Structure formats: C-alpha cells, structure tokens
Amino acid sequence: WKKSCVLLRWYVYFHYKCIYSIWIHLLQRCYDIKCDRYKVYGNKFITVCEEWHNFQNFASWYENNIKWNTENYKLELDKDILCNVLHKDIKIYSPETCLLIPEELNVFLTGDTKNCGLNFINNKYYPNIQFNKERKYLGVFSSFKEAKQVYAEEKYKIWKELINKYNLPINIKETLLKYDFSWSWIN
C-alpha cells in the first residue's frame, strides 16, 4: 500500500512538473525579454490570455485536452492552427485559440512563411518541398501565385498523410484537415 502511494505521488509530481514547465516556458517566450524565444513571440506582440496567467487554470485546460492521448504521443501546444483555419491573425495563447497536437505535426508547420518552398532564379519560380530529408522539385513557373499554389497543394498532401498516422479525436482531425497552406501568403 505504501509503495503504491509513493508511486502515485511521484506520478502526480512529474505530471504537474511537466505541465508547469510548458506553462512557464509559454510565459517566458511571450514576456521575458531575456528568453531566447522572446524575439519570435513577445517581440511580435504574441501574448497569453489573462486566465492562463494562473497556473491552475492552464493545468486544468491542459489536462482536459490531453485526455485523448492514450497512445502517449509527444504533444505540443499550438495556437496557429486554429488561427489559420479561422483565417484570423490572432496573437494570443488561450483556451479558444490553442490545440495540443503531436510534435511531428507541429514541426511540419514550423517556418512555413510566404516565400518558403520557392527559389527565384532568372525570373522563374521553382517550388520545392523537403520532407523526411528528401527534396522534391515541383516544376518551373512564371508567376509567384501559381508556384506557391503548387507548393501548397503538395504540402497539404503530405499533411493529410501525417495526420492519418495518428489516432486523433475526430474534432481535432477535422480541424487539422481544414488547415490552409495558401492562406498566409494570399493575404
């Protein structure tokens, strides 16, 4: 009985320590100018909702949103997917703007900027995509829009394959499948 109690205490301690670490790093990158990630978040006016300034509130949201993860995927907190799906430039971490998604999916979206995936040589656009350490060239185009559309379509195909690798709840899967790879550069 005592051994079970000690193990439970250790589990609870490490569980909350993990959530606390996520929470404190979230606050640091948004508000601490000494944090190396501040330039990508706080310096771009990305904030955390007032409710999540309280650890217990964040931990409660986190626990409610991690329940589906029965296969113990490494999950990451993401605010950009819902913003993309809603076609809104929302710069706040909150219960309404965040999802917990597998790390591989979050990494796949990282750095997908306006000119990502395009080379411009001799007045021609050369879209390409790199995935699993392999680069795939997608053709040669005269217009930026046409080249970027081809890139966005190819990126979406890979995105669908990645999503289907995971046993995700239907609501999260449907949201992820609405991700628009062309939205950030059309506007």
Side-chain angles (χ1 to χ4, degrees), residues 11-12 14-30 37 40-42 44-114 116-117 129-132 148-187:
Y11 170 79
V12 170
F14 283 111
H15 176 71
Y16 281 102
K17 186 176 178 184
C18 173
I19 297 172
Y20 183 82
S21 178
I22 293 166
W23 176 73
I24 203 71
H25 285 105
L26 171 64
L27 292 174
Q28 285 175 334
R29 68 180 175 246
C30 290
R37 303 294 293 150
V40 181
Y41 294 89
K44 293 186 177 180
F45 307 104
I46 295 171
T47 61
V48 178
C49 71
E50 194 67 35
E51 177 184 350
W52 280 4
H53 285 212
N54 177 295
F55 173 68
Q56 285 78 12
N57 293 338
F58 177 79
S60 176
W61 176 88
Y62 190 93
E63 287 182 324
N64 285 333
N65 285 274
I66 202 169
K67 289 177 183 174
W68 64 266
N69 189 21
T70 57
E71 297 185 34
N72 292 319
Y73 304 126
K74 183 175 181 192
L75 299 179
E76 292 187 350
L77 181 67
D78 183 275
K79 68 160 184 52
D80 299 317
I81 291 172
L82 288 174
C83 298
N84 172 286
V85 168
L86 298 171
H87 286 189
K88 294 184 178 183
D89 189 18
I90 301 168
K91 296 185 178 217
I92 189 166
Y93 284 93
S94 72
E96 295 77 31
T97 60
C98 289
L99 291 173
L100 291 173
I101 62 168
E103 177 186 37
E104 182 181 27
L105 296 176
N106 206 28
V107 168
F108 185 73
L109 296 177
T110 303
D112 203 23
T113 59
K114 181 176 181 175
C116 183
I129 193 162
Q130 184 169 339
F131 180 65
N132 284 338
K148 200 61 180 180
Q149 188 61 44
V150 168
Y151 169 82
E153 289 168 4
E154 187 65 27
K155 185 112 178 176
Y156 186 76
K157 284 180 198 173
I158 298 169
W159 178 241
K160 278 175 53 176
E161 289 175 23
L162 285 174
I163 291 168
N164 288 325
K165 280 176 52 177
Y166 295 95
N167 185 20
L168 302 170
I170 193 72
N171 63 320
I172 292 176
K173 189 173 192 172
E174 286 175 351
T175 299
L176 296 177
L177 288 170
K178 291 177 187 173
Y179 194 88
D180 182 356
F181 287 96
S182 63
W183 178 67
S184 65
W185 55 267
I186 287 177
N187 300 313

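Fair warning: this is a prediction, and the values are worked out from it, not measured in the lab.
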Spacing of [atom1] belonging to [X] relative to [atom2] belonging to [Y], to within rounding of 0.5 Å:
{"X": "Leu26", "Y": "Phe58", "atom1": "CG", "atom2": "CZ", "result": "6.0 Å"}
{"X": "Ile22", "Y": "His25", "atom1": "CD1", "atom2": "NE2", "result": "10.0 Å"}
{"X": "Lys91", "Y": "Cys30", "atom1": "NZ", "atom2": "SG", "result": "11.5 Å"}
{"X": "Leu105", "Y": "Leu99", "atom1": "CG", "atom2": "CG", "result": "10.5 Å"}
{"X": "Asp78", "Y": "Thr97", "atom1": "CG", "atom2": "OG1", "result": "9.0 Å"}
{"X": "Ile90", "Y": "Leu82", "atom1": "CD1", "atom2": "CG", "result": "8.0 Å"}

Looking at every heavy atom in both [X] and [Y], which two are closest together, and how far apart are they?
{"X": "Tyr73", "Y": "Asn167", "value": "OH-N, 2.8 Å"}
{"X": "Leu100", "Y": "Trp68", "value": "O-CZ2, 3.5 Å"}
{"X": "Cys98", "Y": "Leu77", "value": "CB-CD1, 3.8 Å"}
{"X": "Ile129", "Y": "Lys155", "value": "CD1-CA, 3.5 Å"}
{"X": "Pro95", "Y": "Cys49", "value": "CD-SG, 3.8 Å"}
{"X": "Ile19", "Y": "Glu63", "value": "CD1-CG, 4.0 Å"}

I want to check something: taking the side chain as every heavy atom from C-beta on, are [X] and [Y] in contact at a cut-off of under 4.5 Å?
{"X": "Leu162", "Y": "Pro102", "value": "no"}
{"X": "Ile92", "Y": "Phe45", "value": "no"}
{"X": "Lys160", "Y": "Leu176", "value": "no"}
{"X": "Val40", "Y": "Arg29", "value": "no"}

Is there a donor-acceptor contact under 3.5 Å from the side chain of [X] to the main chain of [Y]?
{"X": "Asn84", "Y": "Asp80", "answer": "no"}
{"X": "Thr175", "Y": "Asn171", "answer": "yes"}
{"X": "Tyr151", "Y": "Ser182", "answer": "no"}

Next item on the list: Before giving the answer on side-chain contact (heavy atoms from CB on, under 4.5 Å), spell out for Trp23 and Leu27 the whole-Å C-alpha distance, their side-chain angles and the decisive distance to 0.1 Å.
Entry: CA-CA 6 Å; Trp23 176 73; Leu27 292 174; 3.3 Å; yes
Item checked: salt bridge (charged side-chain N to carboxylate O under 4.0 Å, His left out) partners of residues 94-106, not counting sequence neighbours, each pair once -> Lys74-Glu103, Glu104-Lys165
Notebook entry, point to check: Angle class for the Phe181/Trp159 ring planes (parallel below 30°, perpendicular above 60°, tilted otherwise)?
Noted result: perpendicular
Next item on the list: Kindly assign one of parallel, tilted or perpendicular to the pair Phe108 and Phe131, based on the angle between their ring planes and the thresholds 30° and 60°.
Entry: perpendicular
Next item on the list: Mind checking side-chain contact (heavy atoms from CB on, under 4.5 Å) for Glu174 and listing every partner two or more places apart, or none if nothing turns up?
Entry: Ile170
